[in-house]
S.K.: 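Please find one structure pasted underneath; my questions will follow.
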Amino acid sequence: MSTIGHLINGQLINPDGRTAAVFNPATGEVQRHVALASTLTVREAIEAADAAFPAWRDTPPVKRARIMFRFKELLESNAQQICTLIGQEHGKISHDAAGELQRGIENVEYACGAPELLKGEHSRNVGPNIDSWSEFQSLGVVAGVTPFNFPVMVPLWMVPMALVCGNCFILKPSERTPSATLFIAQLLHEAGLPPGVLNVVNGDKEAVDALLFDPRIQAVSFVGSTPIAEYIYRTASAQGKRCQALGGAKNHAIVMPDADLDNAVNSLLGAAFGSSGERCMALSVAVAVGDAVADALVGKLAEAMQGLKFGAHDEASNDFGPVITAEHRSKVVGYIDSAEMQGARIVVDGRSPRVAGYENGFFVGATLIDGVTANMQSYRAEIFGPVLQIIRVKTMDEAMQLINNHEYGNGTCIYTRDGEAARYFSDRIQVGMVGINIPLPVPVASHSFGGWKRSLFGDLHAYGPDGVRFYTRRKTITQRWPSANVREGAEFSMPTLK
Ligand code: NAD
């Protein structure tokens with residue numbers, strides 16, 4: 001059985017040491033192992049990055065961008081293999097993996113605009129014969145730690161932008177889905193990236209802590225669950241590093257009485273159950289305004305859910321696959337049990353699914369729970385499984401209050417035909433990414449991605465314009481070339497324009 005190693009200084013290495021099992025979640029079998037980097041191995045990677053930095057920093061942005069153009073082509077021509085690797089370790093269906101890859105490629109395309117993005121700001125004559133400009137300089141060696149659920153897209157939120165901004169990068173992928181991430185890092189080298197500019201270290205807390213406590217790491221981007229995001233943010237900040245740490249979510253959709261219900265039902269199905277609900281933007285709560293809407297919604301959802309198909313990643317007719325591990329499966333089932341015990345009604349029960357040929361897979365069927373209330377454990381927590389909960393309220397303000405009171409604020413959506421209601425909602429809702437009749441309002445690559453409240457620790461969102469700011473440091477230069485013929489006296493007051 002193979003062991004996935006690290007990519008350091010352009011070389012694949014596989015040192016002896018601790019390893020972890022990588023499962024195929026559809027079969028429940030261990031299919032390979034992954035090396036867990038020691039602190040020493042992480043230091044080796046940082047050394048390689050540190051050594052590569054001066055030349056990379058001085059490489060013109062247009063040359064860095066050309067590597068990204070080639071990288072984009074390689075991602076496209078290797079799409080099938082990338083999607084297979086994602087499917088084998090994550091379990092998501094091939095069409096969903098292709099969507100993940102495409103969203104990642106769009107970030108590479110955005111990074112190809114580096115010469116434009118890094119132009120800086122210039123002001124002529126801010127004083128007599130004085131010009132001033134701000135330029136955006138690279139930080140040095142930066143790190144990224146990524147979650148299991150987007151092994152390609154999330155690294156592509158970080159790496160292309162950090163690199164075109166002139167930084168060297170240490171990437172620590174999820175130990176549950178390491179192969180696709182390592183493969184795209186190899187493609188980036190095939191595209192012409194010099195050795196040491198991007199290094200991949202697989203591992204767990206030991207590797208992450210080695211990055212957090214190394215003074216050579218200037219900035220850390222993290223995407224994962226909220227408790228770890230908070231730990232990363234506090235630790236990195238205390239070490240004087242710049243940090244953005246994106247965490248978990250509980251995304252609500254408000255269904256208004258005037259909504260186009262059939263379209264809302266279809267889009268809720270995809271957003272709640274796509275990728276087995278293992279997306280940080282998954283819609284896991286539908287808040288129905290009025291009992292009439294709630295009854296109709298539950299009826300239509302329950303009927304449509306009978307037609308959902310789940311199974312292995314390589315059968316394209318499946319709608320979604322298994323969840324990531326056996327432990328996670330138990331956790332998801334535990335939340336459904338707790339909702340039932342706290343008085344909710346399980347309308348469609350996915351706790352005992354049967355998938356012929358995959359009896360040992362980590363499957364949970366699509367589950368619909370009605371009569372959920374704000375005090376329930378299943379409502380407070382991020383379930384991260386194919387579970388949609390219905391909350392019934394009387395007014396839109398009550399629905400918004402519920403969302404604003406929740407600890408997470410990643411994404412939300414309203415289904416309505418009323419523009420005034422939609423605008424009122426987007427103005428006042430305490431959530432970072434808002435959809436109007438759009439269930440998964442994941443910003444495109446030319447905007448930036450990030451939630452509010454405990455869904456994001458830090459000031460700058462991921463990728464897009466905020467990505468450029470996160471991976472660069474502003475320097476402002478003020479310049480004057482005085483004439484040799486003019487003698488000036490000493491000036492002791494604060495310089496001003498008189
Ligand atoms: P996770 O927090 O368990 O792991 C994320 C990363 O942190 C992994 O690389 C892991 O190795 C590392 N890690 C785990 N425990 C650690 C520890 N104690 N110390 C240091 N590092 C540690 O998350 P996950 O299960 O891989 O991913 C699912 C979570 O990610 C969900 O909560 C989901 O909402 C969130 N997520 C958020 C976004 C977003 O943009 N906000 C996007 C994708 C996923």
Side-chain angles (χ1 to χ4, degrees), residues 18 20 22 25 34-37 39 42 89-92 100 103-104 107 143-158 170-178 181-182 200-213 220-236 243-251 275-284 323-325 327-329 331-332 362 381-385 407-412 431-433 440-443 448-458 460-464 466-467:
R18 293 185 305 128
V22 179
V34 61
L36 300 177
T39 301
V42 173
E89 295 180 357
H90 176 284
K92 70 175 71 171
E100 158 171 6
R103 275 302 186 109
N107 288 97
V145 178
T146 53
F148 81 83
N149 65 326
F150 285 108
V152 166
M153 183 183 78
V154 171
L156 291 178
W157 285 1
M158 303 174 182
I170 315 286
L171 177 62
K172 207 303 281 171
S174 167
E175 62 274 43
R176 300 191 198 127
T177 52
T181 319
L182 189 66
V200 180
V201 287
N202 281 303
D204 55 7
K205 183 172 166 53
E206 180 175 345
V208 175
D209 283 347
L211 292 168
L212 291 175
F213 289 99
V220 179
S221 297
F222 173 86
V223 176
S225 61
T226 287
I228 310 297
E230 189 167 23
Y231 165 73
I232 301 274
Y233 183 75
R234 284 182 195 282
T235 312
C243 187
Q244 54 179 187
L246 284 69
K250 191 79 175 177
N251 307 309
S275 212
S276 314
E278 290 176 325
R279 292 181 183 136
C280 67
M281 291 292 275
L283 275 182
S284 52
V323 298
I324 188 70
T325 56
E327 298 74 48
H328 190 57
R329 183 185 187 285
K331 202 168 133 194
V332 173
F362 311 139
E382 178 185 40
I383 297 179
F384 226 52
E407 66 169 318
Y408 296 121
N410 216 37
T412 189
V431 173
M433 294 171 282
L440 297 176
V442 177
S448 296
F449 182 109
W452 285 14
K453 298 186 278 184
R454 288 174 62 76
S455 292
L456 170 69
F457 301 88
L460 290 168
H461 290 195
Y463 68 76
D466 272 16

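As a basis for the values below, the full set of heavy atoms in this structure was taken, side chains included, without hydrogen atoms, waters or symmetry mates. All ligand and atom numbering here is 1-based and tracks the order in the structure. None of these values were measured; they are calculated from a predicted model.
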S.K.: Who gets closest to atom 34 (O) of ligand 1 by heavy atom: E382, E175, H461?
M.R.: E382

S.K.: Which residue and non-hydrogen atom of the protein lie closest to atom 27 (O) of ligand 1, and at what distance in Å?
M.R.: P147 CB, 3.3 Å

S.K.: Short N/O distance, under 3.5 Å, between G224 and ligand 1?
M.R.: yes

S.K.: Identify the two heavy atoms, one from C280 and one from N410, that lie closest to each other, and give their separation to 0.1 Å.
M.R.: O-ND2, 3.2 Å

S.K.: From the options A249, G248, G247, select the one whose nearest heavy atom is closest to atom 37 (C) of ligand 1.
M.R.: G247

S.K.: The criterion is side-chain hydrogen bond (donor to acceptor under 3.5 Å, both in side chains); which residues satisfy it with R18, sequence neighbours excluded?
M.R.: D204, E206

S.K.: Look only at interatomic distance and state if F150 has a nitrogen or oxygen under 3.5 Å from any nitrogen or oxygen of ligand 1.
M.R.: no

S.K.: Not counting sequence neighbours, which residues clear side-chain hydrogen bond (donor to acceptor under 3.5 Å, both in side chains) with E407? List them please.
M.R.: R454

S.K.: Can you name the atoms of ligand 1, numbered from 1 with element, that are less than 4.0 Å from a heavy atom of F449?
M.R.: 39 (C), 40 (O)

S.K.: Okay, side chain of R176, backbone of N149: is any donor-acceptor separation there less than 3.5 Å?
M.R.: no

S.K.: With the threshold set at 4.0 Å, does a side-chain nitrogen-carboxylate oxygen contact exist between K92 and E100?
M.R.: yes

S.K.: Write out the residue and atom name of the closest protein heavy atom to atom 9 (O) of ligand 1, then the distance separating them to 0.1 Å.
M.R.: T146 O, 2.8 Å

S.K.: Would you indicate whether the side-chain heavy atoms of L211 and V220 approach each other to under 4.5 Å?
M.R.: no

S.K.: What is the closest protein heavy atom to atom 44 (C) of ligand 1, and at what distance does it sit?
M.R.: N149 OD1, 3.2 Å

S.K.: Taking non-hydrogen atoms only, is W157 closer than 4.0 angstrom to ligand 1 via side chain, backbone, both or neither?
M.R.: side chain

S.K.: Any idea which heavy atoms bring V201 and A37 closest together, and the distance?
M.R.: CB-CB, 4.3 Å

S.K.: Just to be sure I read this right, does ligand 1 sit under 4.0 Å from the backbone of V154, its side chain, both, or neither, counting only heavy atoms?
M.R.: neither

S.K.: What's the shortest distance from atom 21 (N) of ligand 1 to any protein heavy atom, and which residue and atom give it?
M.R.: V208 CG2, 3.5 Å

S.K.: Geometry only, no angles: is D204 polar-contacting ligand 1 at N/O separations under 3.5 Å?
M.R.: no

S.K.: Give the residue and atom name of whichever protein heavy atom lies nearest to atom 12 (C) of ligand 1, and the separation in Å to one decimal.
M.R.: V145 CG1, 4.1 Å

S.K.: Can you confirm whether some protein heavy atom lies under 4.0 Å from atom 4 (O) of ligand 1, or whether none does?
M.R.: no

S.K.: Give me the nearest non-hydrogen protein atom to atom 24 (P) of ligand 1 as residue plus atom name, then the distance to 0.1 Å.
M.R.: F148 CD2, 3.6 Å

S.K.: Any idea which protein heavy atom is nearest atom 39 (C) of ligand 1, and the distance to it?
M.R.: C280 SG, 3.3 Å

S.K.: Heavy atom to atom 28 (C) of ligand 1, shortest distance: which of F384, F222, Y231 holds it?
M.R.: F384

S.K.: Quick one: are the ring centres of H328 and F362 less than 6.0 Å apart?
M.R.: no

S.K.: For residues L212 and F222, determine if any side-chain heavy atom of one lies less than 4.5 Å from a side-chain heavy atom of the other.
M.R.: no

S.K.: For residues P147 and V154, determine if any side-chain heavy atom of one lies less than 4.5 Å from a side-chain heavy atom of the other.
M.R.: yes

S.K.: For the pair W157 and F449, name the ring-plane relationship: parallel under 30°, tilted 30 to 60°, perpendicular over 60°.
M.R.: tilted

S.K.: Once you restrict to heavy atoms under 4.0 Å, what part of E278 touches ligand 1? Side chain, backbone, both or neither.
M.R.: neither

S.K.: If the cut-off is 4.0 Å to any non-hydrogen atom of R176, which atoms of ligand 1 fall inside it?
M.R.: 25 (O)

S.K.: Should the proximity of P173 to ligand 1, defined as any heavy atom under 4.0 Å, be assigned to the side chain, the backbone, both, or neither?
M.R.: backbone

S.K.: Show the nearest heavy-atom pair for residues L171 and P155, with the distance to one decimal.
M.R.: CD2-CB, 4.0 Å

S.K.: Pick whichever of S225, S455, P227, A282 has a heavy atom sitting closest to atom 29 (C) of ligand 1.
M.R.: S225

S.K.: Supply the atom-to-atom distance L156 CG to T146 OG1, rounded to the nearest 0.5 angstrom.
M.R.: 10.0 Å

S.K.: Quick test: of every protein heavy atom, which one is nearest to atom 17 (C) of ligand 1, and how far off is it to 0.1 Å?
M.R.: I228 CD1, 3.8 Å

S.K.: Yes or no on salt bridge (Lys or Arg N to Asp or Glu O under 4.0 Å) for R234 and E230, after CA distance, side-chain angles and deciding distance?
M.R.: CA-CA 6 Å; R234 284 182 195 282; E230 189 167 23; 2.9 Å; yes

S.K.: Should the proximity of R279 to ligand 1, defined as any heavy atom under 4.0 Å, be assigned to the side chain, the backbone, both, or neither?
M.R.: neither

